[in-house]
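Residue numbering restarts at 1 for every chain, and letters A, B, ... go by the order of the sequence lines.
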Number of protein chains: 2
Amino acid sequence: MASLTAGNRRPVRLADIAKAAGVSHGTASNVFSRPEIVREEVRERVKAAAEAMGYGGPDPKGRLLRAGKVNAIGVATAEPLSYFFDDPFARVMMASISQACDATGAGISLVSAANNEQLAWNIQSALVDGFIVFCIEGGSRLVELARERKLPFVALDLDSEDGAVAAIGVDNIAGASLAARHLTDLGHRRFAVLALPFVDDRTGLVSPEQVRAATYGGTRDRLTGYLQELSRVGVDTSKVPVYETANDAATTRTGLETIFAAKEPPTAILAMSDRIALVTLEWLSARKLNVPNDVSVVGFDGVPEAAVSEPPLTTIAQPIAEMGRLAVKAILESDGKVSRQQLPVDLIVRASSAPPRG
Amino acid sequence: MASLTAGNRRPVRLADIAKAAGVSHGTASNVFSRPEIVREEVRERVKAAAEAMGYGGPDPKGRLLRAGKVNAIGVATAEPLSYFFDDPFARVMMASISQACDATGAGISLVSAANNEQLAWNIQSALVDGFIVFCIEGGSRLVELARERKLPFVALDLDSEDGAVAAIGVDNIAGASLAARHLTDLGHRRFAVLALPFVDDRTGLVSPEQVRAATYGGTRDRLTGYLQELSRVGVDTSKVPVYETANDAATTRTGLETIFAAKEPPTAILAMSDRIALVTLEWLSARKLNVPNDVSVVGFDGVPEAAVSEPPLTTIAQPIAEMGRLAVKAILESDGKVSRQQLPVDLIVRASSAPPRG
DNA sequence: AGCAAAATTTGAATCGATCCAACGAAAATG
DNA sequence: CATTTTCGTTGGATCGATTCAAATTTTGCT
């Protein structure tokens with residue numbers, strides 16, 4: 001009881017217990033992986049030896065090399081690891097990825113890193129059968145890294161033009177258009193856009209040229225969808241402020257300050273993510289601006305929090321569960337060919353949007 | 001451009017490109033792991049060969065065996081994988097574990113499984129340097145499984161008497177006592193307890209004998225803390241209903257139905273988790289019972305949601321971030337000795353508790 | 001040129017298992 | 001009793017890399 005065998009190291013291998021039990025390593029291996037084919041008497045002897053020597057079962061490290069398959073999929077992002085548990089969209093997506101993995105018995109490895117170098121190393125050394133890549137900031141670099149591993153991988157939400165990478169995303173143009181249409185139908189004509197990043201590490205009002213040079217096609221597409229619809233009803237889109245946030249609370253608030261500093265503040269805000277929209281609701285409420293009477297807000301994503309916010313958020317719902325399922329399927333049943341799928345989105349009307357005053 | 005090499009399989013190994021480049025595999029290995037020690041001309045030649053043959057870099061599977069360390073920690077639970085992203089407590093804990101891992105560059109593998117057999121296999125074959133075990137339902141079995149791997153591991157929130165397992169938890173008795181004390185100080189004398197599971201797969205009112213036979217010591221300790229304080233002020237604890245939930249919405253609601261069916265319903269509810277407490281707030285509000293005027297509610301855990309509920313929840317905050325950090329540290333710096341740490345908790349008074357009516 | 005020191009490269013050994021063809025012994029069959 | 005089957009066991013080959021002592025080539029110096 002006082003001194004257990006598990007002192008500090010565990011140099012006890014299968015071969016050791018085979019020797020101790022007086023059998024070949026082949027037989028010892030069988031005792032663990034196919035017990036039914038070894039004679040009971042031998043089996044018990046080997047197991048006893050294993051027990052006595054403090055053997056923890058065949059080391060997966062060894063088994064892995066032979067087996068080839070890890071039976072785990074890697075989920076990668078260029079954000080810190082805690083992004084998976086903090087960000088509402090990521091959480092819902094992860095929950096649906098989890099379900100798909102549970103169903104097939106696959107495990108999940110979280111791969112990420114703050115700095116570039118570490119990220120590269122982590123991706124290169126991840127023990128996985130494939131990657132699902134979250135394309136937020138730094139998405140392109142991440143995709144490049146993942147691609148270099150030559151493992152199956154899909155990018156989530158990537159609207160790159162690069163046809164050589166498999167991707168699962170939504171129809172951003174149609175979705176954004178739907179959001180804008182909802183507001184124009186209500187009668188709004190004064191808008192502001194709170195955008196996701198167009199490129200890395202920049203925030204602030206963006207110009208059309210900057211939009212054209214966007215790294216993130218998804219962001220650009222959403223903007224295209226918004227502006228398409230706005231110009232359809234005659235809004236001068238060159239006057240619509242487009243503020244690029246980092247999809248976090250701080251930059252969103254700065255954006256709102258900027259937008260509402262104008263002489264003619266908008267009556268409707270198009271937010272490219274629910275996260276941005278929810279921060280906006282808070283900010284407006286703190287400013288004593290009533291939503292939806294003073295300002296209407298429409299989000300994008302359809303995270304659960306949007307249903308219980310104050311007021312509940314009108315938003316464009318992505319089929320997150322479906323996307324997760326498809327992504328896992330794409331990895332596990334990878335046939336080597338890249339496929340790009342675009343899923344439809346839904347407008348969910350809640351209480352954060354109404355006709356403008358007057 | 002049309003036909004890339006990466007057809008379907010990747011039988012291209014380091015040895016292949018070594019041969020192609022006309023160097024030994026030792027040198028080829030160096031090109032990737034210690035490029036600075038190989039002559040530039042050779043380095044370029046090998047890299048070119050790798051590129052030409054579609055080599056994705058040294059396979060971690062091979063490297064792993066030699067290196068010994070995986071550089072990842074496994075987080076295990078007997079719940080489905082999505083538990084990590086759904087449960088508020090788990091999420092906060094995971095966020096703090098993530099941060100600790102990020103800081104040290106370690107990865108995270110999520111290990112879980114719905115059924116028993118699959119769980120055992122997943123734990124046995126997890127490629128990790130150690131486990132952090134979430135002890136909710138099925139905790140004891142899980143701990144047993146993890147222990148068999150003979151890897152460093154810590155149990156979170158486990159109050160087993162088994163001194164041979166490392167555990168990080170809070171002082172449940174003191175915390176519960178604090179919660180009850182807060183309510184008795186306010187003048188409450190009629191209580192009900194909504195408990196976490198005492199054993200697996202059972203819900204309903206529990207008797208003292210059932211409490212004594214609890215599998216989950218943590219649940220029992222919290223109850224002990226509650227009752228200690230209640231009897232101190234003269235409450236007949238044998239009359240206090242203790243309803244065992246499964247820590248989910250459905251069983252909590254059933255518990256509430258049961259509790260409020262009594263002729264003298266409680267004026268204060270002691271909930272053993274914030275999740276239970278939050279569901280309780282909703283249920284009471286749907287029943288038109290005002291919190292805190294008609295009923296006071298005190299939770300346990302201190303998840304972020306508790307701060308923004310309606311009304312904000314009075315609760316016992318666990319130092320979740322600290323626990324996560326300690327758990328990761330225990331795994332990564334494991335010295336083979338098991339340590340059991342008990343952290344202090346804090347009472348956070350918010351708007352869900354007030355003196356009883358009259 | 002000659003020789004020691006420094007810089008590179010080599011190839012065998014190792015990490016910890018699984019797989020499988022071949023083999024020996026026991027059981028079934030003629 | 002000889003011959004086939006069946007069953008269990010053996011040990012070498014393999015998975016894909018890294019490591020390191022020894023061998024080889026280069027460089028530096030007189």
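- A salt bridge links B:Asp16 with B:Arg13: the closest approach of a Lys/Arg side-chain nitrogen to an acidic carboxylate oxygen falls below 4.0 angstrom.
- Nearest nucleotide to the side chain of B:Thr27, out of D:dG11, C:dT9, C:dA17: C:dT9.
- Put simply, CZ on A:Arg13 is 10 Å from P on C:dT14, counting in whole angstrom units.
- Side-chain atoms of B:Arg39 and base atoms of C:dT8 include no donor and acceptor less than 3.5 Å apart.
- Enclosure of atom CD in B:Glu36 by more than 12 non-hydrogen atoms of other residues, nucleotides or ligands within 6.0 angstrom is indicated.
- Across D:dT9, C:dC15, D:dG11, the shortest atom-to-atom separation from the side chain of B:Arg66 is found for C:dC15.
- To the nearest angstrom, C1' of C:dT14 lies 14 Å from CG of A:Asp16.
- Between B:Ser29 and D:dA17, a side-chain N or O to OP1/OP2 separation shorter than 4.0 Å is absent.
- Going from atom CZ of B:Phe32 over to atom P of D:dT19 covers 15 Å, rounded to whole Å.
- Salt-bridge annotation for B:Arg147 and B:Glu144: present, with a side-chain N of the basic residue lying under 4.0 Å from a carboxylate O of the acidic one.
- In terms of position along DNA chain C, the nucleotide closest to B:Val23 lies nearer the 5' end than the nucleotide closest to the other residue of the pair B:Val23 and A:Ala15.
- Rounding to whole angstrom units, NZ of residue B:Lys69 and P of D:dT18 are separated by 18 Å.
- Under 4.0 angstrom from either OP1 or OP2 of D:dG16 there lies no side-chain N or O belonging to B:Tyr55.
- Side-chain contact check for A:Tyr216 and A:Asp200: at least one donor-acceptor pair (N or O, by modelled atom type) lies under 3.5 Å.
- Per the geometry, CG belonging to A:Leu14 stands 18 Å off P belonging to C:dT14, to the nearest Å.
- Taking atom CD of residue B:Glu41 and atom C1' of nucleotide C:dT9, one finds them 13 Å apart after rounding to whole Å.
- Here A:Ser24 does not reach the OP1 or OP2 of D:dT9: none of its side-chain N or O atoms lies under 4.0 Å away.
- Atom pair A:Leu64:CG and C:dG16:P shows a separation of 14 Å (rounding to whole Å applied).
- Note: CZ (B:Arg63) to P (C:dG16) measures 17 Å, nearest angstrom.
- Using a cutoff of 4.0 Å between basic side-chain nitrogens and carboxylate oxygens, B:Glu322 and B:Arg325 are scored as salt-bridged.
- For the pair A:Ala28 and B:Gly62, nearest-nucleotide mapping onto DNA chain C gives the more 5' position to B:Gly62.
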